[in-house]
Protein chains: 2
Amino acid sequence: MAGRGGPAPAEDLQRILDVDRLIHEPARLLIVALLASVGEADFVFLQRETGLTKGNLSSHLARLEQSDYVRIEKSFRGKIPQTVCSLTSEGRSAFKTYRSQMRRTMGGRPG
Amino acid sequence: MAGRGGPAPAEDLQRILDVDRLIHEPARLLIVALLASVGEADFVFLQRETGLTKGNLSSHLARLEQSDYVRIEKSFRGKIPQTVCSLTSEGRSAFKTYRSQMRRTMGGRPG
DNA sequence: ACAGACTAGTTTGTATTGCAGACCACTGGC
DNA sequence: GCCAGTGGTCTGCAATACAAACTAGTCTGT
């Protein structure tokens, strides 16, 4: 009825409250969007791209791992430890959901 | 350059960190979106539409008022107090900015 | 007229959680 | 051995979202 491009009806708007807070947090949204875009990335790359501090990045990644949104694989590049991160299928799907949710909500008329 | 519809380049993604947290918070996003859509609304209407508790709604409105995003006018409907809320031009503009920011970020390819 | 229920909204307390800086483990040059 | 650099985790503080308790006043029944 309201059609794509029309204002979101109130019930749709209300759903904003159910949005996945884990992904909604800007720092994590950035991480997840980045991972969705590049497939996988190591810690150093993520830190450079996001501009987050190590502590901050580390804790957000830990949280994302706990929730099975991100898979973290620790390995060695030569003798130097390396942490490679990628989205799990859950994470990918959660991001997709989040995105379409957000698009629907934000997609209304310019008013 | 990346063209609308392409993936957002890293610099664009990074800007997620600068989003207006005041609006980004789901409860307030809902309030603001609602106000943007209907023009103005009283407390009771907002509570019904959002499903927020009174306390929650009250404090979010107070915050939005403090930041000059929302104008709050107290009056009486008969003998009963009534609080009417509407977006200020600042609020409207902040919402617009937020929305286009979010659309740009979320608008990339499905990947 | 008084008690109790209801409307409209604010204040208060608590529990998360985001953030940055201190810290730890290891490697490589001198 | 010592100092600098890399890779990453842990800790303490500040912000804040949330709901329950409270305030102020009105309406209803008896």
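Lettering follows sequence order; numbering is per chain, from 1.
Once rounded to the nearest 0.5 Å, the distance linking OG of A:S86 with CZ of A:R92 reads 8.0 Å. To the nearest 0.5 Å, atom OG1 of residue A:T97 and atom CD1 of residue A:I23 are 8.0 Å apart. For the atom pair CG (A:L35) and CG (A:L30), the distance works out to 9.5 Å, reported to the nearest 0.5 Å. One finds the CD atom of B:Q66 at 10.0 Å from the CD1 atom of B:I72 (value rounded to the nearest 0.5 Å).
With sequence neighbours left out, the salt bridge (charged side-chain N to carboxylate O under 4.0 Å, His left out) criterion links A:R71 to A:E73. In this structure A:E40 satisfies the salt bridge (charged side-chain N to carboxylate O under 4.0 Å, His left out) test with no other residue, sequence neighbours excluded. With sequence neighbours excluded, the residues forming a side-chain contact (heavy atoms from CB on, under 4.5 Å) with B:N56 are B:L52, B:T53, B:S59, B:H60, listed by chain and number. For A:Q101, the side chain to side chain donor-acceptor pair (under 3.5 Å) test picks out A:T105, with sequence neighbours left out. Scanning for side chain to side chain donor-acceptor pair (under 3.5 Å) contacts around B:Q82 gives B:D42, with sequence neighbours left out. Under the salt bridge (charged side-chain N to carboxylate O under 4.0 Å, His left out) criterion, B:R21 pairs with A:E25, sequence neighbours left out.
Close approach of DNA chain D to chain B, defined as any atom under 4.0 Å from a non-hydrogen atom of the protein, starts and stops at D:dT16 to D:dT26.
Within residues 39-47 of chain B, the residues having any heavy atom under 4.0 Å from DNA chain C are, by residue number, B:F43, B:V44.
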Identify each atom pair where a protein N or O and an N or O of nucleotides 11-17 of chain C are less than 3.5 Å apart, giving names and distance.
none

So which protein nitrogen or oxygen atoms get under 3.5 Å of nucleotides 28-30 of chain C's nitrogens or oxygens?
none

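Distance, B:Q66 CD to C:dT10 P: 12 Å, rounded to whole Å. Rounded to a whole Å, the CG atom of A:L52 is 11 Å from the C1' atom of C:dG18. The CD-P distance, from B:Q82 to C:dT10, rounds to 13 Å in whole Å. Nucleotide C:dC19 holds its C1' atom 13 Å from the CD1 atom of A:I31, rounded to whole Å.
Along DNA chain C, the nucleotide closest to B:R21 and the one closest to B:P81 are compared, and the more 5′ of them pairs with B:P81.
Placement of A:V84 and A:L64 in two distinct hydrophobic clusters is found when ILVMFWY residues are connected by side-chain heavy-atom separations under 4.5 Å, directly or transitively.
As judged by a 4.0 angstrom heavy-atom cut-off over every strand, B:A62 is placed among residues making no nucleic acid contact.
Pairs engaging residues 12-46 of chain B under the ring-ring contact (aromatic ring centres under 6.0 Å, His included) rule: A:H24-B:H24, B:H24-B:Y98 [sequence neighbours left out].
Under the side-chain contact (heavy atoms from CB on, under 4.5 Å) test applied with A:V32, the options A:L87, A:L22, A:D20 reduce to a single match, A:L87.
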